[in-house]
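Some notes on the structure that comes next.
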Amino acid sequence: MQSSTEATIYALLEDLNEPQRQAATHTDGPLLILAGPGSGKTRVVTRRAAYLACTTTKPWHILAITFTNKAAREMRERVDALGGTGGMTVCTFHALCARLLREFHELAGISRNFTIFDRDDRRKLIKKAVEEADLSQANWPPAAIDAEISHAKNAMLSPEAYAATANDWRQQTISRIYPVYERLLAEMEALDFDDLLMRVAVLLKTDEQMRATLEDRYRYVLIDEYQDTNVSQYQIARHLSREHQNICATGDPDQSIYGWRGADIGNILNFERDYPSTKVVRLEQNYRSTRRVLSAADALIAQNENRKEKTLWTQNEAGTPVRVIESENDMAEAAMIAEDIGRLSREGVSLNDIAIFYRVNSLSRVLEEAMLKSVIPYQIARGVEFYARKEIKDVLAYLRLLVNPADEIALLRIINMPPRGIGAKTIERLVEQAKTSGQSVFDVLSQAGDVSDLGRSAAKVKAFAELVRHLGTAVNQPASKALEFVISHSGLRAHYRAIEGTDDAPINNIDELINAAAEFEMQEPGTTLVDWLEHTALVSDVDAVKDTSGVVTLMTLHAAKGLEFAHVYVIGLERGLLPFYRNGDEGDDEEERRLLFVGITRARKRLTLSRARYRMRRGVTERTAASDFLDELPRNELEWHRLEAPRARRGVTTHAGGLPNDFDRWDVGTLVRHPRYDLGRILSIDRGAQRTIVDVEFTDGLHRTWALEFAQLTRVDPDEIDDVDGFQAD
DNA sequence: AATATTCCCGTTTTT
DNA sequence: CGGGAATATT
């Protein structure tokens, strides 16, 4: 037995380098792992978890907090693969807090079945709060208030505390809305994302018994991406490890990219001050990227003033130069990438190894079109978007209402969905009645018979109340069963069947939702409807990324954190876009630089940075300027490609970015390019009545013959050969 | 009351 | 450009 444990431990540590081993074998006391990109952090953390579980503690005493659900899932799998560590808690801060708040709901003074409000819900609630505070809807846009309140909550400011700090008129007005918003949340037994964290932080501070219980439960706490923790998360971490001090934080200050949502880079910088006996381990050897990629990343991040020096190094080969490609416009940029990916694919590169990153989601559209056009399979990391679809939100609203009748947002969403003749006037009366009688709308609904002046609508309202009661019988079923029941009995299925949708029909998405629920139940047996609803509320965009199928992955730079791909494209390196500026006032340039740093360091083999000279933004095409970040990269490691605009002097019609297919001008000697055989020269061209036959000699010395209109040939401008070197836009 | 149409606005990143 | 709200139409 003893020797088998020793063998296990040996296996856990044998392929680690010295600092990695030090981190993995550190058991008690605070540990800070400063891990550069690609330094094997995940490996170290999983080994350490397994090591702890077979040496000093039991798996169920280990709490590992990750940044996304996907990361949690992967970590659990990897630790399991190292030898049966079932019982470990691995989840995100938000999931942990939601779970704790259900467990300690009485202490928190909230229903066990509380609802988690997403952005849309919150904005609806804010509109209501603005109304109740007697303010003009027009002057107080929900989005801005939402951001301000979220900001306050991230700083753990209660409405009172916020009011005390409000100095200008705008903040003073918001300090009138904030308490109303809080009251409405409470009335609806709902919490927003920030509440999940804040409430737990407050409970841990005020309730010593709960804190002690949890500290004993979670004897070893691991927190990943510590550079992106905010005030609440920081405090939760502190409270959970106050006595045992067994806290292990991992992260990289240079990858702190969530300052805008309250993350405080100071948390990681001051870790040693907070935990005086901290052992610090630096992981600086990079196993992921080529030397050129790493040197580009290093040169860029060195421009940040506010940072701790760090030496990133690698033994990997130099690799190919980092490419910087300037296209004429966004469509040409996307086409260039699509074509480049096509070429890689033909060379045998798996599409799984390719990713395209961008600063804002709106840039994905042009890429998507280019991928479709080139028949390149792709996936976009947007797990949240699926749950934001109207039909999905409708279905979920039914379930939410069944679980939590106080959820007025859900109720109002479905009261007339599918249409059942309950119009705006009737709804207004119901809401009014609820307000004057101090009841929830749901309560009013249940007594529809007693509500005066509903007129002809009374019967319909009654029927709806009866429907809800009927649907309620499914509340204790597993999520997929409850879903089926609700969809078929609410009339939603019939409603969506009736709508003919050739483009991704709502009913297909609803079926997909049922599948997702069934899958969830398989993976987490014994879970309830509430668990599943919570799961749907806390999905992140990256959670939707699958790594099994042969597809190119498109995502924002933020979503890319923690991932790696052999071939990486970062697009839109333009001033104002990356770094992003909003409305004249510039943002945090250093954080933007870190964001690009994150993007660059995702690349294993080849990195391509791209910009377009013209880009369409919200409907209008604008001239762009190159990102200043490009000037910060080491010139001699780069390979610039300037794709020329079609030249007007040739007098041919221009189309996005490349040379036109002016076949009639092609002649012997014309330089062409083929997707597979690359550069070639026309040897002969035979213009028949039906077809034009070309014979082309390629750089491999061989020549090939095609009917011109079917050959995948594009003309190459001889002037561009030097510049273009292997690329052209189409 | 339901559906069709127009118009107006905001413009990141996300749990 | 695209979503949501206000407005027009049946």
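Since the model is a prediction, treat every value here as computed from it, not as a measurement. Chain letters run A, B, ... following the sequence lines, proteins first and then strands; every chain starts at 1.
Qualifying side chain to side chain contact (heavy atoms under 4.5 Å, CB included) partners for K205(A), counting only residues two or more places apart in sequence or in other chains: H239(A). For the side chain to side chain donor-acceptor pair (under 3.5 Å) test, residues two or more places apart in sequence or in another chain that qualify with Y398(A) are R420(A). Not a single salt bridge (charged side-chain N to carboxylate O under 4.0 Å, His left out) links E622(A) to another residue, sequence neighbours left out. A search for ring pair (Phe, Tyr, Trp, His ring centres under 6.0 Å) contacts involving Y387(A) returns nothing, not counting sequence neighbours. Applying the side chain to side chain contact (heavy atoms under 4.5 Å, CB included) rule to M555(A) yields the partners F357(A), A381(A), V542(A), V545(A), T553(A), A559(A), A560(A), L563(A), F565(A); only residues at least two apart in sequence or on another chain are considered. Looking at residues two or more places apart in sequence or on another chain, you find no side chain to side chain donor-acceptor pair (under 3.5 Å) involving T42(A). Legend: residues meeting side chain to side chain contact (heavy atoms under 4.5 Å, CB included) with E591(A), ordered by chain and number and at least two apart, are W260(A), D588(A), R594(A). Contacts of S111(A) classified as side chain to side chain contact (heavy atoms under 4.5 Å, CB included), with partners at least two apart in sequence or in another chain: N113(A), E189(A).
Taking the 5' to 3' direction, DNA chain C first and last meets chain A under 4.0 angstrom from a heavy atom at dC1(C) to dA5(C).
Between the CD atom of E385(A) and the P atom of dT14(B) there is a distance of 11 Å, given to the nearest Å. Going from atom CZ of R593(A) over to atom C1' of dT12(B) covers 18 Å, rounded to whole Å. Going from atom OH of Y387(A) over to atom P of dT15(B) covers 13 Å, rounded to whole Å. With rounding to whole Å, R382(A) atom CZ is found 17 Å from dT12(B) atom P. The distance between atom NE2 of H558(A) and atom C1' of dT14(B), rounded to the nearest whole Å, is 8 Å. Note: CD1 (I415(A)) to P (dA1(B)) measures 12 Å, nearest angstrom.
Contact annotation for R420(A): backbone-only contact, meaning every heavy-atom pair under 4.0 Å involves sugar-phosphate atoms and none involves a base. Heavy atoms of V539(A) sit under 4.0 angstrom from primed sugar atoms or phosphate atoms, though from no base atom. Residue K561(A) is classed as having no contact, given no heavy-atom separation below 4.0 Å to the nucleic acid.
Taking 4.0 angstrom as the limit, N416(A) places a side-chain polar atom (N or O) nearer than this to OP1 or OP2 of dA2(B). S362(A) has no side-chain polar atom (N or O) that falls below the 4.0 Å cut-off from OP1 or OP2 of dT12(B). S540(A) has a side-chain polar atom (N or O) that falls below the 4.0 Å cut-off from OP1 or OP2 of dT15(B). Put simply, N361(A) has a side-chain N or O that comes within less than 4.0 Å of OP1 or OP2 on dT14(B).
The listed nucleotides are dA2(B), dA1(B), dT15(B); the one nearest the side chain of H94(A) is dT15(B). Of the candidate nucleotides dT15(B), dA2(B), dT13(B), dT15(B) has the atom nearest to the side chain of F193(A).
Side-chain atoms of D543(A) come within 3.5 Å of backbone atoms of K70(A) as a donor-acceptor pair (strictly under, hydrogens ignored). Between the side chain of Q227(A) and the backbone N or O of I268(A), no donor-acceptor pair lies under 3.5 Å. Using a distance-only test at 3.5 Å, with no hydrogens or angles considered, a donor-acceptor pair links the side chain of N304(A) to the main chain of E590(A).
Nearer to the 5' terminus of DNA chain B, by closest-nucleotide assignment, is the contact made by G421(A) (compared with the other of F67(A) and G421(A)).
dG4(C) and dT13(B): their P atoms are spaced 15 Å apart (whole Å).
For DNA chain B, no neighbouring residue in residues 111-121 of chain A is found when judged by any heavy atom under 4.0 Å. A heavy-atom distance below 4.0 Å to DNA chain B is reached by these residues of residues 251-261 of chain A, ordered by number: Y258(A), W260(A), R261(A).
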Output side-chain donor-acceptor pairs under 3.5 Å for residues 88-99 of chain A, partner residues at least two apart or in another chain, one line each.
from	atom 1	to	atom 2	distance (Å)
T92(A)	OG1	H94(A)	N	3.4
T92(A)	OG1	A95(A)	N	3.0

